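Take a look at the structure below.
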There are 2 protein chains.
Amino acid sequence: MDDAQRQELADLLKALGEFNRLSLVYELCQCNAPQNAMCLCECCSVDSSVVSRHLKVLAQQGVVQMEKKGRERVYSLNRSDVADRLRALADQIEG
Amino acid sequence: MDDAQRQELADLLKALGEFNRLSLVYELCQCNAPQNAMCLCECCSVDSSVVSRHLKVLAQQGVVQMEKKGRERVYSLNRSDVADRLRALADQIEG
DNA sequence: GACTTATTTGTACAAATAAGCAAATATAAG
DNA sequence: CTTATATTTGCTTATTTGTACAAATAAGTC
């Protein structure tokens, strides 16, 4: 694994390693249908602009996926993608 | 999962989500025997005091384990423990 | 077009973080 | 006891990060 890949993994872990962002992930985890930001706003009690920024971070790391739907944007979790990356790390660590 | 547990998980991910700390983890990952800080110092090119602090963070999150050995302190990776926590998250995310 | 709703962006600010260096501490060896 | 080595701690600096609020943008509805 080269430095760039390691940095990418660190960025993913950092994205998940913040309480409100992790809460967003768990919230999306329990939804079958994609959710909009206003809805997600309720699970962590912060301003909508903050949720917007957190979702942007999660999207940049490929944790969530965004889709435009009318005037709202709905987010869904890239379940298998994230799970696979976490398991790959777990496997490496376990050796 | 309550807030405290979620915070704990976020703290673990944050601890792993920094380049130099993740490098330390990978370094320890490739060692069979526990390593001292001076040795670990070489893998990421930072001051020994910085390594000391990073190792402290990792120890607080249960990622590494420290053992006094003469005047040096040797660190080893809590492999299965960390791997299990990452897999548990992966499982939850995959749903 | 005017209005409403959803989301993003600009700005400001406080708190947290990472880093380096020097000094302090701990412990072994001479 | 003195010296050498390993590690931690105190201090400072620069940078990043999370947050709130207001304004801007986007897109639907009347």
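Everything quoted here is computed from the prediction, not taken from an experiment. Just so we're on the same page: letters track the sequence lines, and every chain starts at 1.
For A/Val46, taking side-chain heavy atoms from C-beta onward, the closest of the listed nucleotides D/dT19, D/dT7, C/dC21 is D/dT19. Out of D/dG18, C/dA19, D/dT9, the shortest distance to the side chain of B/Ser52 is found at D/dT9. Listed nucleotides C/dT8, C/dT7, C/dA18 differ in distance to A/Ser49; the shortest reach to its side chain belongs to C/dT8.
Distance B/Gln61 CD to C/dT17 P: 11 Å, rounded to the nearest Å. Distance CG (A/Leu55) to C1' (D/dG18): 14 Å, rounded to an integer number of Å. Distance CD (A/Gln7) to P (C/dA18): 12 Å, rounded to an integer number of Å. Between the CG atom of A/Asn36 and the P atom of D/dA27 there is a distance of 16 Å, given to the nearest Å. With rounding to whole Å, B/Leu24 atom CG is found 10 Å from C/dA19 atom P. Rounded to whole Å, the distance from CG on B/Leu58 to C1' on C/dA18 is 14 Å. Rounded to whole Å, the distance from CD on B/Glu72 to C1' on C/dA29 is 14 Å. Straight-line distance from the NE2 atom of A/His54 to the P atom of C/dT8: 13 Å, rounded to whole Å.
Take the nearest nucleotide of DNA chain C for A/Arg71 and for A/Lys56: the residue whose nucleotide is more 5' is A/Arg71. Of the two residues near DNA chain D, A/Val50 and A/Lys68, the one whose nearest nucleotide lies more 5' is A/Val50.
B/Lys14 comes within contact range of the sugar-phosphate backbone alone, with a heavy-atom separation under 4.0 Å but no base atom that close. Residue contacts shown for A/Phe19 are absent, as no nucleic acid heavy atom lies under 4.0 Å away.
In this structure a side-chain-to-backbone donor-acceptor pair under 3.5 Å is missing from B/Gln92 to B/Leu89. Counting only distance, with no hydrogens or angles, the side chain of B/Glu72 and the backbone of B/Lys69 share no donor-acceptor pair below 3.5 Å. Judged by distance alone, with hydrogens and angles left aside, the side-chain atoms of A/Arg73 form no donor-acceptor pair with the main-chain N or O of A/Met66 at under 3.5 Å.
The two atoms that bring A/Ile93 and B/Cys29 nearest to each other are CA-SG, 3.6 Å, heavy atoms only. B/Cys31 and B/Gln35 make their closest contact through SG-CG, 3.4 Å (heavy atoms, listed as atom of the first residue, atom of the second, distance).
At a cut-off of 3.5 angstrom, counting only N and O atoms as typed in the model, there is a donor on one side and an acceptor on the other between the side-chain of B/Arg53 and the base of C/dG20.
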